There are 2 protein chains.
Amino acid sequence: MYRTEVAKAMLMAELSRSSGVPVATIKYYLREGLLPPGAAISATRAEYGPAHLRRLRLIRALLEIGEVPVAAIRKILAVVDEESVSAHVMLGAVQYELGPHPGRPAGADQHWQAASREVDALLADLGWTVTTGAPARTLLVATLAALRRTESAPPGPGLRAYAEAVAALAAAEVSSLLPEDREITGNSRVALAESAVVGMVLHERILIAVHRLAQEDASSRYFG
Amino acid sequence: MYRTEVAKAMLMAELSRSSGVPVATIKYYLREGLLPPGAAISATRAEYGPAHLRRLRLIRALLEIGEVPVAAIRKILAVVDEESVSAHVMLGAVQYELGPHPGRPAGADQHWQAASREVDALLADLGWTVTTGAPARTLLVATLAALRRTESAPPGPGLRAYAEAVAALAAAEVSSLLPEDREITGNSRVALAESAVVGMVLHERILIAVHRLAQEDASSRYFG
């Protein structure tokens, strides 16, 4: 799946047919600088190649599956294009732009601080490598703080149980992004970024859906 | 936490102070029929009791934590009030109104049908009790169909791995909703519904956040 190659150069109409993206939309991406210009063959015509097709697919995945806004797509594409940046940082750039984006409160109250210490202790304990600015870390702290603030919150299974439940899933998801030859340069960076968006969004959705079904089954046993 | 009792009756201003809900908002809930009227003590004044306070807390949890629209809250409250309906069905009514609400496509294509069979097989295999109309089931089918349709989708760990990873979590979450005396009638139905909203929303958010952190850690190992 990292090898969708089209041998010949294409005019705009053909790029539109091959990608399924309307000409007006392609022109919009060109104006916004998301898609680099084609090679001019006359004053009004340009040719596009397989790299344009791959990039269009990545843009569509970010927009349609990731629901990432155009400004954030521009940031991601800059990281994809900068080959000196590791694939790990590139995947982080993709994940960090996927919503939700919880805000850090101006003044962190005692619940926020306690939740933040709880998350730090968990990550240290598990030896997970996570940046301090990871939006998922802020989301986790915000959620644990909300649970601490809410009198009617049920205790649930505890934070560590969640981490242990998902660790192997996440490892299988991420390792399945590796190209067979494990080479990640140029063209395959774009393809990797596309697979990462698709995988991150859809695998998370599977997790959410299956978790809700498991709750329904548990509810039938405890409350049925 | 199922026993927040206020001994005396309150006027509107006191109900507002005790609940933290503005008077204008309480009046809106009364007009919308979400909150039952108080006991009239004169032409312009009514008294409210602890049941009003509990119900206000449930409404706030549904609105603020669950982000459930007013029309859906009305449906949930009707189920909460109908004591002949089991607590299991009541919890289902809560979960089913939490978004996202994926639409079933008008004409299910081959990918949808294959995904639907995959989900049926999994549920039968695990022996999970889930209604055919569960929105999470539709969400799961829609997501698996999208993965099948998307050429660049990474394979990931497979559906069954997700189910096995979350089953114990869901059981611990749901069982932690049970009141100590396991009696669920009248007042405690309202409290149970409130705890269920808080737990379902915030526990799911923990799951999502921890899963993303696990992905980041896995990415540092595979792509760092």
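Every value quoted in this text rests on a predicted model; they were computed, and no experiment measured them. Just so we're on the same page: letters track the sequence lines, and every chain starts at 1.
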What residue, out of [options], has the most heavy-atom pairs lying under 4.5 Å from chain A?
{"options": "B:Ala170, B:Gly224, B:Ala87, B:Ser219", "answer": "B:Ser219"}
{"options": "B:Leu126, B:Thr150, B:Ile208", "answer": "B:Ile208"}
{"options": "B:Glu194, B:Glu173, B:Arg205, B:Arg212", "answer": "B:Arg212"}

Who among [options] has the most heavy-atom pairs with chain B under 4.5 Å?
{"options": "A:Leu123, A:Val198, A:Thr129", "answer": "A:Thr129"}
{"options": "A:Val89, A:Leu139, A:Leu213, A:Val166", "answer": "A:Leu213"}
{"options": "A:Gly199, A:Ala172, A:Ala214, A:Pro135", "answer": "A:Ala214"}

Give, as side chain, backbone, both or neither, the part of B:Ser220 having an atom under 4.5 angstrom from any heavy atom of chain A.
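Contact with chain A: backbone and side chain both.
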Of B:Val119, B:Thr143, B:Leu159, the residue whose pairing with A:Val210 passes side-chain contact (heavy atoms from CB on, under 4.5 Å):
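Of all the options given, the one that passes is B:Leu159.
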Taking A:Val197 as the fixed residue, which of A:Val68, A:Val94, A:Ile76 is the one that meets the side-chain contact (heavy atoms from CB on, under 4.5 Å) rule?
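It is A:Val94, the one option of A:Val68, A:Val94, A:Ile76 that forms the side-chain contact (heavy atoms from CB on, under 4.5 Å) with A:Val197.
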Hey, are A:Arg189 and A:Asp81 close enough for a salt bridge, meaning a charged N less than 4.0 Å from a carboxylate O?
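Salt bridge: no.
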Under 4.5 Å heavy-atom distance to chain B, tell me which part of [X] shows up: side chain, backbone, both or neither.
{"X": "A:Leu91", "result": "side chain"}
{"X": "A:Leu98", "result": "both"}
{"X": "A:Thr131", "result": "both"}

Under the criterion side-chain contact (heavy atoms from CB on, under 4.5 Å), I'd like the reasoning laid out for B:Phe223 against A:Met90: C-alpha separation, chi angles, the key distance, then a yes or no.
CA-CA 9 Å; B:Phe223 294 95; A:Met90 182 178 82; over 6 Å; no
Please tell me if the side chains of B:Glu97 and B:Pro69 come closer than 4.5 Å, counting only heavy atoms from C-beta onward.
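Side-chain contact under 4.5 Å: no.
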Just checking, any donor-acceptor pair under 3.5 angstrom between side chains of A:Arg55 and A:Tyr48?
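Note: A:Arg55 and A:Tyr48 side chains miss the donor-acceptor criterion.
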Does B:Ser16 reach the main-chain N or O of B:Val21 with its side chain, forming a donor-acceptor pair under 3.5 Å?
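Checking the backbone N and O of B:Val21 against the side chain of B:Ser16, a donor-acceptor pair under 3.5 Å is found.
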